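These notes are about the structure you will find just below.
These numbers come from a predicted model, not from an experiment. Quick note on labels: first sequence line is chain A, next is B, and so on, each numbered from 1.
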2 protein chains.
Amino acid sequence: MARPKAYDGTAMLDRAMEVFWARGFDGTSIQNLVGKTGVNRGSLYGAYPDKRALFLASIRRYLELVVEDNVRRLLAVEPAGDAVRQFFLQLVEAPPERLRRGCLLTNSAVELGMEDAQVAALIRGAFRRVEQVFCARLVEAKRVGQLTDGVQPEALARLLITVLQGIRVMSRVGADRVAMRDAVKSALSGIKTAATHAYASGRGAARHSGHSKSGRTRRARAKQVVPVR
Amino acid sequence: MARPKAYDGTAMLDRAMEVFWARGFDGTSIQNLVGKTGVNRGSLYGAYPDKRALFLASIRRYLELVVEDNVRRLLAVEPAGDAVRQFFLQLVEAPPERLRRGCLLTNSAVELGMEDAQVAALIRGAFRRVEQVFCARLVEAKRVGQLTDGVQPEALARLLITVLQGIRVMSRVGADRVAMRDAVKSALSGIKTAATHAYASGRGAARHSGHSKSGRTRRARAKQVVPVR
DNA sequence: TTCATTATAGAATAACCGTTCCAAAATGCA
DNA sequence: TGCATTTTGGAACGGTTATTCTATAATGAA
């Protein structure tokens, strides 16, 4: 019936998201978007009413792709305390250009949070989501004795989402990696590693010997973890 | 010899700094600056070669006024641990509009950190400065027994500067104050209050009874603080 | 008072912004 | 093979941007 689209809507959105991620909302011109997506001006305005709508869609796409991937990684590791620790270690050890790019949510929070209520609400929701995943895993960690006495999962989760944002800011100006490692170390000081703990309690002779074939071993041991004192 | 200036250079810079603080670099037009400072276009360009130079000067002014004031407040309180704690409590309990405005350094780090090396270096330096003040006070706190065993002053200082940035981001999107309080509580969990400690060790009957007239009392008691266990 | 010098106010400039518009191209159905 | 319909590429538009330029005003020294 009609002429078919020459572009893929999802691919276009992904590219747009990357441009906004790298250059910010104000820093991205329609020309930039046309160039990076390969999609024409008219087609862009055919798909979205204006620049802001495309930006909002980009943020939502970011939530689907990046944030949910982070959530998955947080949920994939056992025991729970190690999942949280590993998450932050990977963050801090990421390649420099990855760190410099920062996070679309952090960048947008700072750039538009004060003037665009809808953007602010979207980002606030994402922060809460991650905080709750942190919290869930920390509750679990507490249950298996991976939290130092007196550490409250919710309060620590709220520290962690804050530290995550702080690292995004620091790495934007090329902060020292060693300093960020220290920050993470302090933030995670209330979380015991399963390995260390098993070692400390003299139970794990072959602790952390690479990949355990069964997959049950790690989990099973995690459930055995008990507070030291 | 020549016509005298009709404006005060320092006052002009202060106003410019406030505009950049509130609206960011890209978000601030020369027109905005002319309006808010009351100084004419030509005079602006007479004082600074271009917008970026005025922005750099604004950041340096911010360091003098705001950052150094924070440093002073961190150094003014005794004992050291309480200074750090009070600093973060005041931060989190600030009025909403003050929180929303955020920090010029945080905002600029995110907006320009990736593309302007000079801005990035300036901000990195400021972060380091505050980190070192944190560290100095934490070393002091450790000396008087205000740090939980095993807490390393430097590592904790690096957490604190990161948390400070994180809170700046969170508050930009209007994050829940309760959540920020929790984050701070967790971040400060390794620092004991002198009051609590004195109380716990049964030494402080008249602890914190308003203003002590001598000024020596608080300081003297602070030096008596000793680890609990 | 007259002159040299600088500040001032605002017009002018050229580039770029987001958005709109339009003619040409490309398709599936009749 | 036409026709209806939609995409496409790019020109056009009005507004804003940072910066430059110019004519005028204001001053202290001579």
Side-chain angles (χ1 to χ4, degrees), chain A residues 1-59 61 104 107-108 111-112 114-119, chain B residues 1-59 104 107-108 111-112 115-119:
Chain A
M1 190 86 121
R3 175 175 174 174
K5 298 185 179 181
Y7 67 92
D8 172 32
T10 305
M12 186 262 270
L13 183 55
D14 287 350
R15 307 297 287 273
M17 180 197 79
E18 284 165 12
V19 182
F20 282 128
W21 190 351
R23 309 173 58 110
F25 179 76
D26 277 329
T28 302
S29 70
I30 303 288
Q31 199 67 271
N32 290 148
L33 292 167
V34 169
K36 294 285 181 181
T37 61
V39 175
N40 197 269
R41 258 181 154 67
S43 306
L44 278 182
Y45 278 91
Y48 299 90
D50 55 21
K51 186 185 172 186
R52 182 170 170 275
L54 176 53
F55 180 75
L56 284 170
S58 296
I59 289 198
R61 184 73 177 143
L104 177 60
N107 302 350
S108 306
E111 186 184 2
L112 305 169
M114 217 178 53
E115 53 193 0
D116 192 319
Q118 201 175 343
V119 169
Chain B
M1 190 85 124
R3 175 174 174 175
K5 297 184 180 181
Y7 66 92
D8 173 32
T10 306
M12 185 262 267
L13 183 54
D14 286 351
R15 308 296 288 274
M17 180 198 79
E18 284 164 12
V19 182
F20 282 128
W21 190 352
R23 310 172 57 108
F25 179 77
D26 277 331
T28 302
S29 70
I30 303 289
Q31 199 66 269
N32 290 148
L33 292 167
V34 169
K36 295 285 182 181
T37 62
V39 176
N40 196 271
R41 259 181 153 67
S43 305
L44 277 181
Y45 278 91
Y48 300 91
D50 55 20
K51 186 184 172 186
R52 182 171 170 275
L54 176 53
F55 180 75
L56 285 170
S58 296
I59 290 198
L104 176 60
N107 302 349
S108 306
E111 184 184 3
L112 306 169
E115 52 192 357
D116 192 317
Q118 202 175 342
V119 169

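For the pair A/Leu104 and A/Trp21, the tightest heavy-atom approach, listed with the atom from each and the gap, is N-NE1, 3.5 Å.
Nucleotide C/dA7 holds its P atom 11 Å from the CE atom of B/Met12, rounded to whole Å. Rounded to whole Å, the distance from CZ on B/Arg23 to C1' on D/dT17 is 13 Å. Per the geometry, CG belonging to A/Leu44 stands 12 Å off C1' belonging to D/dG9, to the nearest Å. Whole-Å rounding puts the B/Asn40 CG to D/dC21 C1' distance at 13 Å.
Between B/Ser43 and C/dA7 there is no side-chain N or O to OP1 or OP2 distance below 4.0 Å.
Between B/Phe25 and B/Phe55, the two ring planes are perpendicular [angle over 60°; tilted spans 30° to 60°].
A/Arg52 has its side chain within reach of A/Asp116: a pair of non-hydrogen atoms, C-beta onward, lies under 4.5 Å apart.
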Which is it for A/Glu111 and B/Asp26 under the side-chain contact (heavy atoms from CB on, under 4.5 Å) test, yes or no, and what are the steps along the way?
CA-CA 10 Å; A/Glu111 186 184 2; B/Asp26 277 331; over 6 Å; no
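Remark: B/Leu33 CG to B/Lys51 NZ distance equals 7.5 Å, nearest 0.5 Å. In this structure, OG1 in A/Thr37 is found 10.0 Å from CG in A/Asn32, a value given to the nearest 0.5 Å.
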For every nucleotide of nucleotides 16-21 of chain C, 5' to 3': is a protein heavy atom under 4.0 Å from its base (B), only from its sugar-phosphate (S), or from neither (-)?
-SBBB-
